[in-house]
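Remember, predicted model here, so these are calculated numbers, not experimental data.
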Amino acid sequence: VYHSKFVDSDRSNLEELMIFIVSNFDIKENKASIHFKKAKGKSFVLNINYALFGRILYCLGAPKGNKTKQRFLVPQWIISSKEYSKMFLKALLEDELTTIKIENRNYSINPRLKMAKEERYINNLRMFLKQVKNMIENCGVNCSNISKEPKSKSNQMTKELYFNIHRNKKNVIKFKNEIGFFLHKEKIKKLNECCNILEKTLRPIINKEDVLKLRKKGLSIRRIAKELKISSSTAHRMIKTQ
């Protein structure tokens, strides 16, 4: 029997997802329900008690059952479409990626995608993460290498692999503009707040030719810096290395 379950610590995220599923798949509201679950922490579970919906997801490539105990990869129909790739990444990353927020003054944390599987399926997990990493980088967002050695997950019979999205300002802003999140209100809010700070503190692109043109007109280094809104040391360095 195909019953679909979605788990989240925030009930409001599941309410948004339930509205989306019911309205887009023409499912009767009495087929969807949310209940509280207390096991290894507090969470809520959205149940979609509609077998056809579960079969559709399975036929499209979604894993059935515990995803740490089976092999699966990103379906080719998703990889081959930029639109579907972005939709897939939005859903996956808002569930699995760490919340992107400011860590130190005007720099974000290192966003990390970390997933786990039973040790016998680690090679499959590495292949899956490689697919996801390639999809993210195809959107112009740079990532680190996938961790080499799997780490044991505390109190569980699984091992973890991960990679980071580079946290430099332009890269995080690029992630927001090209991928972002879909329904998770808190992650969307934190990402927007983070990028607002990053954009305000992002150094402007300096055109060396503009610096040299003003210098040829006889302007002092201090005046050039003021005109172009750059530091005097930057203007001096560009003139010195012409």
Side-chain angles (χ1 to χ4, degrees), residues 1-35 37 39-40 43-98 112-136 138-139 146 153 156-163 179-185 187-188:
V1 180
Y2 291 85
H3 296 299
S4 303
K5 292 184 178 181
F6 305 88
V7 182
D8 199 294
S9 59
D10 189 336
R11 183 186 177 98
S12 65
N13 291 326
L14 293 181
E15 289 172 348
E16 290 285 337
L17 180 58
M18 183 171 68
I19 292 170
F20 176 82
I21 291 173
V22 168
S23 60
N24 283 275
F25 291 89
D26 196 26
I27 296 173
K28 293 181 180 179
E29 290 188 18
N30 62 4
K31 296 291 185 181
S33 62
I34 299 174
H35 67 269
K37 179 182 179 181
K40 295 180 181 178
S43 61
F44 295 89
V45 179
L46 166 60
N47 280 312
I48 306 295
N49 189 21
Y50 186 54
L52 180 59
F53 177 70
R55 290 193 191 100
I56 291 171
L57 294 183
Y58 182 70
C59 290
L60 290 174
K64 181 183 177 183
N66 190 330
K67 61 180 183 288
T68 68
K69 298 180 179 181
Q70 58 182 296
R71 294 182 179 88
F72 61 84
L73 295 171
V74 182
Q76 192 58 43
W77 67 269
I78 292 177
I79 294 175
S80 59
S81 166
K82 191 148 190 178
E83 179 185 358
Y84 295 152
S85 292
K86 286 188 178 184
M87 292 172 66
F88 175 85
L89 290 173
K90 283 177 184 287
L92 174 71
L93 297 179
E94 75 175 8
D95 186 40
E96 302 288 355
L97 190 72
T98 50
R112 174 167 291 182
L113 175 61
K114 181 170 63 176
M115 298 183 71
K117 275 191 188 291
E118 290 185 347
E119 188 168 8
R120 56 183 169 159
Y121 298 129
I122 281 296
N123 286 339
N124 173 254
L125 175 58
R126 190 178 296 279
M127 290 172 63
F128 176 82
L129 289 178
K130 186 176 180 180
Q131 288 180 313
V132 174
K133 179 176 177 288
N134 288 341
M135 291 163 66
I136 293 173
N138 285 339
C139 294
I146 298 169
K153 194 171 182 180
Q156 293 190 30
M157 301 297 291
T158 57
K159 289 185 176 291
E160 297 175 331
L161 292 173
Y162 68 87
F163 68 85
I179 302 173
F181 302 120
F182 182 46
L183 292 174
H184 199 297
K185 291 182 179 178
K187 283 195 171 182
I188 293 171

Subject >> Main-chain N/O of L60 paired with W77 side-chain donor or acceptor, under 3.5 Å >> reply: yes
**OP:** Check whether more than 12 heavy atoms from other residues, nucleotides or ligands sit under 6.0 Å from atom CG of N138, and answer yes or no.
**Re:** yes
Original post:
With side chains defined as the heavy atoms from C-beta onward, is the minimum distance between I136 and F163 less than 4.5 Å?
Top reply: yes
**OP:** Determine whether L113 and L129 make a side-chain contact, defined as any pair of heavy atoms from C-beta on separated by less than 4.5 Å.
**Re:** yes
**OP:** Please lay out, stage by stage, how F20 and F182 fare under the test ring-ring contact (aromatic ring centres under 6.0 Å, His included).
**Re:** CA-CA 11 Å; F20 176 82; F182 182 46; 5.2 Å; yes
Subject >> Spatial distance of atom NZ (K37) from atom OG (S9) [nearest 0.5 Å] >> reply: 13.0 Å
Subject >> From CA spacing to verdict: side chain to side chain contact (heavy atoms under 4.5 Å, CB included), F53, I27 >> reply: CA-CA 8 Å; F53 177 70; I27 296 173; 3.9 Å; yes
Original post:
Would you say N13 and L183 make side-chain contact, with heavy atoms under 4.5 Å?
Top reply: no
Subject >> A116 backbone acceptor or donor facing T68 side chain under 3.5 Å >> reply: no
**OP:** Answer yes or no: does atom NZ of K133 have more than 12 heavy-atom neighbours from other residues, nucleotides or ligands under 6.0 Å?
**Re:** yes
Original post:
Under the 6.0 Å and 45° cation-pi test, does K187 pair with F181?
Top reply: yes
Original post:
Taking atom NZ of K90 as the centre, does the number of heavy atoms from other residues, nucleotides or ligands within less than 6.0 Å exceed 12?
Top reply: yes
**OP:** Evaluate whether atom CG of N66 has more than 12 neighbouring non-hydrogen atoms of other residues, nucleotides or ligands under 6.0 angstrom away.
**Re:** yes
Original post:
Are E96 and M115 side-chain neighbours, meaning at least one heavy-atom pair lies under 4.5 Å?
Top reply: yes
Original post:
How would you list, by chain and number, every residue that makes a side-chain contact (heavy atoms from CB on, under 4.5 Å) with E83, sequence neighbours excluded?
Top reply: S81, M87
**OP:** Indicate yes or no: does R11 engage E15 in a salt bridge with an N to O separation below 4.0 Å.
**Re:** yes
Subject >> Ionic contact status for E16 with K185, cut-off 4.0 Å >> reply: yes
Original post:
At what distance, to the nearest 0.5 angstrom, does OG of S4 lie from OH of Y58?
Top reply: 13.0 Å
Original post:
Of all heavy-atom pairs between V45 and L14, which one has the smallest distance, and what is that distance?
Top reply: N-CD1, 3.9 Å
Subject >> Residue pair K159 / L125: nearest heavy atoms and the distance that separates them >> reply: O-CD2, 4.3 Å
Original post:
For Y121, is the NZ or CZ atom of R71 found under 6.0 angstrom from the centre of its six-membered ring and inside 45 degrees of the ring axis?
Top reply: no
Subject >> Whether over 12 other heavy atoms sit under 6.0 Å from F44 CZ >> reply: yes
Original post:
If you round to the nearest 0.5 Å, how far is CE of M135 from NZ of K82?
Top reply: 11.0 Å
Subject >> Residue list, side chain to side chain donor-acceptor pair (under 3.5 Å) with R126, at least two apart or on another chain >> reply: none
**OP:** Please round to the nearest 0.5 Å and tell me the distance separating atom CG of L52 and atom CZ of F25.
**Re:** 10.0 Å
Original post:
Of the non-hydrogen atoms in S85 and I78, which two are nearest, and what is the gap between them?
Top reply: OG-O, 2.7 Å
**OP:** Output yes when a side-chain donor or acceptor of D8 lies under 3.5 Å from a complementary backbone atom of D10, and no otherwise.
**Re:** yes
Original post:
Which atoms form the tightest heavy-atom contact between M127 and L73, and what is the distance?
Top reply: CB-CD2, 3.8 Å
Original post:
Any idea which heavy atoms bring I34 and L46 closest together, and the distance?
Top reply: CG1-CD1, 3.8 Å
**OP:** Check the angle between the aromatic planes of F72 and F128 and answer parallel, tilted or perpendicular using the 30° and 60° thresholds.
**Re:** perpendicular
Subject >> Atom of K117, atom of K67 and distance for their closest heavy-atom approach >> reply: NZ-O, 2.7 Å
Subject >> Separation of L89 CG from L97 CG (nearest 0.5 Å) >> reply: 10.5 Å
Original post:
Within the distance-only criterion (no hydrogens, no angle test), does the side chain of T98 pair as donor or acceptor with the backbone N or O of R112 below 3.5 angstrom?
Top reply: yes
Original post:
Distance from K31 atom NZ to N47 atom CG, nearest 0.5 Å?
Top reply: 12.5 Å
**OP:** State whether the side chain of Q70 and the backbone N or O of K64 hold a donor-acceptor pair below 3.5 Å, judged by distance alone.
**Re:** yes
Subject >> L161/K114 under side chain to side chain contact (heavy atoms under 4.5 Å, CB included): CA gap, chis, key distance, verdict >> reply: CA-CA 6 Å; L161 292 173; K114 181 170 63 176; over 6 Å; no
